[in-house]
Every structure is written in structure tokens, then in C-alpha cells.
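Remember, it's 1-based here, ligands and their atoms both numbered in the order they're listed. Just so it is clear, the values below take in all heavy atoms, side chains as well, and ignore hydrogens, waters and symmetry mates.
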Amino acid sequence: MTEDIRKRMFHEMQQKTAFDDARSAAYAYADAALERNVFPTPQALDNLAHFDEPLPDEPGDARQILQQLDRYGSPATVAQIGGRYFGLVNGGVIPATLAVRWLTDFWDQNTPLYLSSPVASSLEEITEGWLRGLFGLPDSTVAGFVSGSSLSIFCGLAAARQRNFERLGWDINRKGFIDAPRLRVVASQQAHGTVSKAIALLGFGIDNVEWVPADDQGRIETAAVPDLDGSTILVLQAGNVNSGAFDDFETLGRRAREARAWVHVDGAFGLWTAAAAELRHLTRGIELADSWSFDGHKTLNTPYDSGVIMCRDRDALVKALHAAGAYITYSENRDGMLHTPEMSRRSRIFELWAALKYLGKSGIDDLVYGLHLRARQFASELQLKGFEILNDVVFNQVLVACDSDTETVETIKLIQQSGECWVGGTSWQQHSVIRVSVCSWATTEADVTRAVRAFVAAREQVRKN
Ligand SMILES: *Cc1c(COP(=O)(O)O)cnc(C)c1O
């Protein structure tokens, strides 16, 4: 590296003009985010061509780089921090957590070990205890902080694989699957795609799963779950990604404990209902499970990315994810990498800790229950306008149909193009449907009414065409 660019970087750290620019641009973005078009305009998408350039030969200018990114990048974002994005299951962002992110970006902590970041290690441990209390999980439960549920589901099933094989006298880490005794995996046909991915990554094979049918709401058919035993991993769901429905954790949890089967709960967005008094009944019996995966970036509205694995069997989780190296110094304190597949990791704990501390128990309850109220408002306003609601709105998901599949599909397209709000489509009981997910604290009653107007206008246009 030339002396010249090194000098420039010291200068930039001292002058902070690029940081000031970033702050101004971010504030302008935040001011526009509540009112602007949700999906980028065609013009904004065309302007992405401005990034199509060869890798520069020479160093650039920090402020110019930022300016280019703001000018052509900001308009090509999807306005997810506003209140009218209802696609996927995407949370907004709590301002306090953004502020914490800005500060801790300067810290640039790497979090594998206590020795690499005492503050991250301490806050991971504190947050682990808070979450255990919030969800009413067993005292022995530990947490690992990862990028999202894709990875936390993987961790839960890895711990399950470890424990169940160990009971059968098999060290899966050393011996692998060749000549291994057989483990069983039982899951709902409505399990999330990332459950199948974890099953595939862990070598079980998707075709070897005992797939159980789901009922008309998307809950696993409790009576159709086969006999369980100590070699079984049962995957349940707190929050079906389409309907928001919850499995019967109490009945199946009891059966699993008796049989010594491992239960993993995929609670990506739905587990948070355990922290809301009016919705807590949905998660009755979750404490009977062995591992739980969920996100901070969905229901809790932390910035991306933030996922958590919680596991009552620390030994199984650590054995499944442990790594060694002569230079890795484990300590008496918490070493985060023992609970995660990654070694180096960004310090996402600060934002999760801040979200919990900022909201407190009553704020979390308000946030979670508020999403439910807005979803119910959505459903009832749409129904009044002649749309069909296909699911019981038990939490934050609403499945909507027009008069025919074609009308539904065309209506989705026009809603998306309108920029007024954004919803996606899905398939539900062999029909095309509109899928609404209310997941942002920033969604107001007025936002819902405005979105419903966009639904009506889009359907009218389709009927005219
Ligand atoms: C979103 C989601 C996932 C995947 O979570 P990511 O955080 O996107 O990796 C898994 N299961 C369910 C039920 C989900 O809603």
C-alpha cells in the first residue's frame, strides 16, 4: 500500500467529512422513507447501470464514492423502514438500534472470543438470559447469535443430530454418515424452505424425512405425527410463513419428551408472540422443546442481520459447532463461537441487546400485539371491499384472494407497480393468493387503509383491462 493512500485514510478518519456526508444522506433518506414509493421506480432501476464500470486502477475519493452510492443507490432501495412494505416477513428498524449500530460500526468488533471482544461477550450473555426469561425457556438454555433463521435452524438441527447420534453411541463429527445408525427426521409438509435446506446440509437427505401433512391453516396434523423415539428429530413451527399458524407444541412436546425425541421449533417471527400477553396462548408448550430458532430482524425490528439459536442442551450445541486451533484461546468467560458455526462474526448482539433494553417487556408486548392488530385491520378492511381472506389471522399474516387466480396474480403485479405498498404472492391450497405480512413498528392504521385503497385500485384496473 502506498504511503499516499495511507495518509489519506488517516486524514479521512480525522476530518470525518465522509461520515458527515453519510449522516446527511441518511437523514434525507429517513425523512423520505415514510412517504416515498415502496419499490424503486423504473427510472431508479435503469440508473443502476451507473454502477456498471470496471474495477478502478487507482484509489478513489471517499466522498465521491458515497455520493454515487446515495445518488443511484438510495432510490433503488426497497423502502423497508417505512410502514407500507408487506412482503416476505420483513421488520422495520427501531431508531435506537440504528443509533447503536452507528456507534458500534466504529468499534468494528469481531466476536468469536471473550478475548476478541469482552463487551460483545458480556452482552451476549446478558441477552441470552433476557431471552430465556422472555420466552419462559428452561434455565439450562444457551443462545448463539447468527445471521438469521436459516442458520439458527441449521444450528438447532446440528445439536439434535449430535445428541441423538451420541445416544446411539455414534460420534457423527468423526465418523460421518458412512455406516452410521439411522436417525429419523419428522417435519411438516408446510415446514419452511430453510428447514429443508438445513436437513440437506446436515446430510439427512430431504427424501428421508417423514413428512407429515398439515391442516387447512398450515398446522402440522398432530394426530398424523408418527410414533417418536430417541433417534427422532421432530421439527415444529411457531408461525407458518404464509398463514402465521402455530403447531400444537403442548401435545407434541409431551409425546416427544416421553419418547426422548428431540424437538426443534422454527419460530423465526412467531416465537415473539410468547412475549405478548394476548397472544401467548399460541406458543403454549414451547418450553417442552429442546431448541428454538428465531430472528431479531423480523418481529423485533432490529437491523439486518440478526438470528438466534437457543438450545437447552449446551453440550450438544457446543460439540456440534466446536472448532479448535492452537491460536484460539478459550476463556473462563463466554466465547461466542462455541455457540455458532462461524468463527469471525459481526457484533450483531449490540443491536439485539439495544432493542430489548429500549422496548422493555411492555414495549415488546406492544410491538408484537400491534402487528397483530394491524393485520386484523388489514383483513377486515379487505373483506369489506370484497376480497376473500383465506386464513385465521392468528398473528401478523393475511392470505388474500380475488375472484380468480388470474385476477389475483394480475392484481399483485399492479399493486407492486403502484409503489403505494408492496405485497408478494404465494401458493395456498393450490391457488395463487396475495400474501400480506405486517411486521414493521412503523405501519400505522393510515398505512393499512392506504394499502387497501391500492388493492382496490389495482383490482379495478385489472377488471377494466
Ligand atoms: C424467514 C423465515 C425463515 C428464514 O429466516 P431468515 O432469517 O430469512 O434466514 C425460516 N422460517 C420461517 C418460518 C421464516 O419465516
Side-chain angles (χ1 to χ4, degrees), residues 78 80 85-93 131 135 143-158 185 187-202 206 209 214 217-220 233-247 249 263-274 279 282-283 286 289 291-310 340-342 345-346 348-349 351-352 355 368 371-372 375 391 393-399 423-428 435-440:
V78 174
Q80 298 191 44
Y85 183 82
F86 306 108
L88 300 174
V89 187
N90 275 11
V93 66
L131 291 170
F135 297 134
F145 300 95
V146 293
S147 58
S149 284
S150 300
L151 207 58
S152 55
I153 292 166
F154 172 85
C155 294
L157 299 189
V185 181
S188 162
Q189 282 171 356
Q190 290 265 336
H192 195 267
T194 53
V195 170
S196 298
K197 176 157 67 180
I199 285 167
L201 284 171
L202 288 162
I206 293 169
V209 174
Q217 293 298 318
R219 295 173 293 229
I220 196 169
I233 302 167
L234 172 63
V235 187
L236 298 178
Q237 184 164 253
N240 178 295
V241 78
N242 287 319
S243 68
F246 291 70
D247 293 342
F249 308 109
V263 175
H264 178 80
V265 177
D266 168 14
F269 62 95
L271 202 71
W272 292 97
T273 57
L279 300 174
L282 295 167
T283 53
I286 49 159
S291 53
W292 306 263
S293 50
F294 57 94
D295 284 321
H297 54 226
K298 290 178 178 172
T299 313
L300 191 65
N301 283 238
T302 67
Y304 287 96
D305 47 17
S306 178
V308 186
I309 173 65
M310 297 198 76
T340 62
E342 309 97 319
R345 241 177 344 133
R346 77 176 195 88
R348 55 178 70 87
I349 191 60
E351 300 132 28
L352 181 59
V368 175
L371 302 177
H372 175 59
N391 64 318
V393 181
V394 294
F395 182 29
N396 66 330
Q397 304 289 115
V398 189
L399 297 176
V423 290
T426 189
S427 154
W428 185 251
R435 184 178 166 285
V436 176
S437 178
V438 183
C439 209
S440 173

Starting at CZ of Phe145, measure out to CG of Asp305 and round the result to the nearest 0.5 Å. 13.5 Å
Looking at atom 5 (O) of ligand 1, what's its closest protein heavy atom, distance included? Ser149 CB, 3.1 Å
Considering only protein heavy atoms, which is closest to atom 9 (O) of ligand 1, and at what distance to one decimal place? Ser150 OG, 2.6 Å
Any atoms of ligand 1 less than 4.0 Å from a non-hydrogen atom of Asp295? List them with their elements. 5 (O), 6 (P), 7 (O)
Here the gap from Thr302 atom OG1 to Ile349 atom CD1, rounded to the nearest 0.5 Å, amounts to 10.0 Å
Could you identify the single nearest non-hydrogen protein atom to atom 11 (N) of ligand 1 and state the distance to 0.1 Å? Asp266 OD2, 2.9 Å
Who's closest to atom 3 (C) of ligand 1 heavy-atom-wise, of Lys298, Gln190, Gln237, His297? Lys298
Show me which atoms of ligand 1 lie under 4.0 Å from any heavy atom of Val241. 15 (O)
Show, in sequence, the C-alpha distance, side-chain angles and deciding distance for Ser188 and Val235, and conclude whether the side-chain contact (heavy atoms from CB on, under 4.5 Å) test is met. CA-CA 7 Å; Ser188 162; Val235 187; over 6 Å; no
Per-atom contacts of ligand 1 with Phe269, taking only distances under 4.0 Å to non-hydrogen atoms: 15 (O)
Distance-minimising heavy-atom pair for Ile309 and Ser291: CD1-CB, 4.2 Å
Are Gln397 and Ser437 side-chain neighbours, meaning at least one heavy-atom pair lies under 4.5 Å? yes
Take Ser147 and Arg348 through the test side-chain contact (heavy atoms from CB on, under 4.5 Å) and record every step on the way to the result. CA-CA 8 Å; Ser147 58; Arg348 55 178 70 87; 3.7 Å; yes
Which ligand 1 atoms does Gly148 reach within 4.0 Å, using its non-hydrogen atoms? 7 (O), 9 (O)
OG of Ser427 to CG of Asn242, rounded to nearest 0.5 Å, is 8.0 Å
Can you tell me which portion of Ala268 lies within the under-4.0 Å heavy-atom range of ligand 1? Options are side chain, backbone, both, or neither. side chain
Non-hydrogen atoms of Gly239 versus ligand 1: any pair closer than 4.0 Å? yes
